[in-house]
Amino acid sequence: MLSRTADNLFWMARYLERAECTARLLTMGQRMAVLPGSAYRDEWRSVLRVTGCESFLKGSGPVSEADVVGILLLDPENPASIQSCLVRARANGRSVRTKLTQEMWEALNMSWRHFEGCTVADALQELPVHLDWVKTRASVFRGAMETGMMRHAGHDFARIGGALERAQMTLRLLDVKYYVLLPETDVVGGGRDHYQWTSVLHALSGIRAYHHVYGGVHTPAQIVDFLMVNRTFPRSVAFCVDQMRTHLVRLAKEHGARSSCNETADELFALLKAGRNGVFIERGLHESVQHCLLLTNRLATEIADSYHF
Amino acid sequence: MELAVRHQTTYRYATPANQVSLLLRLYPSLLDCQRARSWEVTVNGTPVTEFPLNAFGDGEGFYHRRGTFSEMEIVATGTVETQERHGIVSGFLQEAPLPIFLRQTQLTQPEAAIRALARSLTESEPIPRLHALSARVREAITYESGITTAATSAAEALALGRGVCQDHTHLFVSAARSLGIPARYVSGYLLADEAGHALRETHAWAEAWVDGLGWVGFDATNGLCVTEMYVRLCSGLDAHDAAPVRGSVYGTTEIGIQADVMISLAAPSGSQQVQQQQ
Amino acid sequence: MSFFEMHDPAGSVRDCYAEVQRWIDDTGVAGLHRRLDEAEAIFRRIGITFAVYGEGGDPERLIPFDLLPRIFSRLEWQRLDQGIRQRAQALNAFLYDVYHRGEILRAGLIPQDLVYQNEAFRPEMIGFDPPGRVYSHIVGIDIVRTGPDRFEVLEDNCRTPSGVSYMLENREIMTRMFPDLFSRGRVTPVDNYPAQLLRTLKEVAPPACTGDPVVVLLTPGSLNSAYYEHSYLADLMGIELVEPVDLFVEDGRVWKKTTAGPKAVDVIYRRIDDDYLDPLAFRPDSLLGVPGLFHAYRSGGVTLCSAPGAGIADDKAIYVYVPEMIRFYLGEEPILANIPTWQCGTKDGLAYVLEHLSELVAKEVHGSGGYGMLIGPKSTAAEIATYADRIRANPSGFIAQPTLDLSTVPTLGEAGVVRRHADFRPYCLVGKRMRLVAGGLTRVALTEGSLVVNSSQGGGVKDTWVLRD
């Protein structure tokens, strides 16, 4: 397979996943912002921080919903905004058009112009509708890929791209919100924290799943376990890494050799397994999450190197 | 005459380049009036292999490298034996049909002023006529560096009235072609200019076809035919076409080119051998 | 009146069209229209939306498809087949000659300047022997019919003629929708074209190739108007569709960048113009292309199909001399006639053309796609005067031909079968041997009386049948 094709498929999936992740973050931001004391916590700023987009802010002071919607939904210059993710996903897909199924292409092709000409005021009016639309488009695309795409190396690259992006989003979300999950922080205790945690779960569509696993009890250690280590929840870091491992092994078989990215994925997976039962919190959640993020970034570089992107 | 040449060109890149391709026409032509005694072209110290002669009979080398590097140093060096042939350039191993050298390019488009200059020549014999053209070109464009660029056309240089050897040569070939005389652009080295100053860069001159004699080299910048002080590298329809170095870089932008030519009378061959044995 | 290909002079249906006539009668006009709608829906779904012949325009546009096939009898095809092969052979012989000794020019049969001063002539190719001495591996010859026994060549396409995917798709859709028409096996298949093209390309592998040649199709990218055709052909041949960024040159060979590392490439079927092949060799201002590609080619590391500089053979100014080429190189009389052509670059030609412009079709030498041409009998006096000024300003840029009495083919109109003018482009493959699939692309002018078949100006396409008996 041409390296460019692999590269395009990998990034097409990443950008589409990123668009969805950003939509989920905005949903979480909306939920959190209506909680008491949100102005003082500057919730919207933390949303920007998760995406690494704080530098797009103009001026200082508390961040408003309108600011964040402008930056994360509409800004065509911001590579993390939903609008530019959709455009980039489509551009990547277009240059490998013949490797996609008709349905996959349609899913990409129908999305990219959705926010053209949309103003912040327009977007704010119907924000939940817009965000749901983005999630639906991503689901349609994944569905088309799942049911229609040939299981050759191209499929592996696309799945790895999606899983990598999803793992990183969960990690970044934990990294920004880790303090609400730490027992020793002074804001902990009382109903507000409960809402904060559940907002994190909500953002990842994990609230019901969490209940199935742990019943109705919320503890920071269990939430961390659920989001980092659980192997059945599809947005947990371990699940995503496990998926990447599977597809990387397939690629290694096809190319006749394992490479450094297989080792890194295994290392990351072992690290996550060893982090069960509150170990991450004991060792320092922030540090643990940072370390995992570092490994996912290394993994991305190694994939590009191994397959000559 | 034996000339020792060292021609070094250094490209520097803003950020490390990840792919560089170079087409090098840095090989002295093999002719009746010149032959290389020894010659080597290297890029960052690696010798470049030479391709078969191109359609115009010029030697070419191609260098390609992927990886990361921030600098390209191209060195062509060796000694060339030259003979005084009063401007006649003969002995090409490969020749292209003459009408090709009547083609004008973007850089040589003969606009009205150029046609007028060509038509004003009164000499009827070919050699005196070409000498007159050479003199006319030199009058029309005063030598001054820094005024024109690689993209300046013959017509623009003529309008400016100032320029360098590239502009003289473009104007010469443009006017000659407009008179139906096949002419081409030549790149090479010159031991010293008219005033005896050693040149620190490559030089350009023209070759015009004279029935009965073949190609004759005219250096309009210095107002003479080529002599044994010239080393010919390659030819083309214009400066673009006859560029000794053409490059293509991916992943970065070029931030500086530095060219340095050193050309001198070679030491007697005996001492060179001693040096080689050391 | 124009020759209507479905009828004989007496007005009855010709044998070769008998079966189709029965089918039309049985299905009825309404039925045919219903089936046409179905066909178009299928085309749209598969996404065959691209411009033919580099006409530009919207690459996502659907070209109208006409349901009624254009049919050649076995005897008619025999003659076409011979004439097409003869022409393709002479054009390649001409290319070899002008890039070597130029015998035909020395013999005074073609003016030297017309070749050597022509932009389409690439001095870089002088003295080089391409594998098999083939320059144009796919020769597309545009042919019109002017009578029961008369075929004339409109122009040659020696670079990268497009449109062959229509030939294949049109047939595929016809066999899918009307299997009965093909069940008796009277229609010669065309679906072996991709296999024959691949075989042709492999035959011209370069000296550096060892083993089974690796062939790729080089496209400018997904924004190109013929991208669909590029990907379609690559898929049918089972070869990689690459863009310039996927290739690089090292050690005198061309490599494609794959996830398993660099893989050598032997033959490149390129659908990119000469100018954009290699920024080091051709256009230094171009960022496109593969640096060093041309040098790899010249040193035998890779084969480019078609060869750079093959365009000199299909130049409109050279066209006039193709019959001379056939006599000179093959010692044969041309089987397919040229259309009489006046060159405005000559004194006599210019005088004649200016005097008779209202009766002639005038064209730009370097134009294509039916743009920039004047159809005298269908133009106003003012249009003719304006065009005459353009010719006077640059005579050698124009040629003129008589208006031809083009044949018409049966076409599905609103109320039934109507007669529309058409042309024909077969694709002759040239490798170690010549191959010609019995068929080609028929383009039809859908507007009544129109002579312009270009899809950008109201033209459509239809299936072309060559009968076996």
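Values below: all heavy atoms of this structure, side chains included; hydrogens, waters and symmetry mates excluded. Since this is a predicted model, take the numbers as computed values, not measurements.
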Only heavy atoms, only distances under 4.5 angstrom. Which residues in [range] are near chain A?
range                       : answer
residues 232-241 of chain C : C:E240, C:L241
residues 197-216 of chain C : none
residues 252-269 of chain C : C:K256, C:K257, C:T258, C:T259, C:A260, C:G261

Worksheet entry | Heavy-atom closest pair, residues A:S95 and C:S222 |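 Heavy atoms only, the tightest pair is CA-OG, 4.0 Å.
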Practice prompt. Inspect the surroundings of CD in C:E38 and state if more than 12 heavy atoms from other residues, nucleotides or ligands are less than 6.0 Å away.
Written response: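 More than 12 heavy atoms, drawn from other residues, nucleotides or ligands, come within 6.0 Å of this atom.
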Worksheet item: Side chain, backbone, both or neither: which part of C:V245 has a heavy atom under 4.5 Å from chain A?
Response: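 Contact with chain A involves the side chain of C:V245 alone.
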Discussion item. Suppose a student defines contact as a heavy atom less than 4.5 Å from any heavy atom of chain C. Which residues in residues 302-309 of chain A would they list?
Written reply: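 Listed by number, the contacting residues are A:S306, A:Y307, A:H308.
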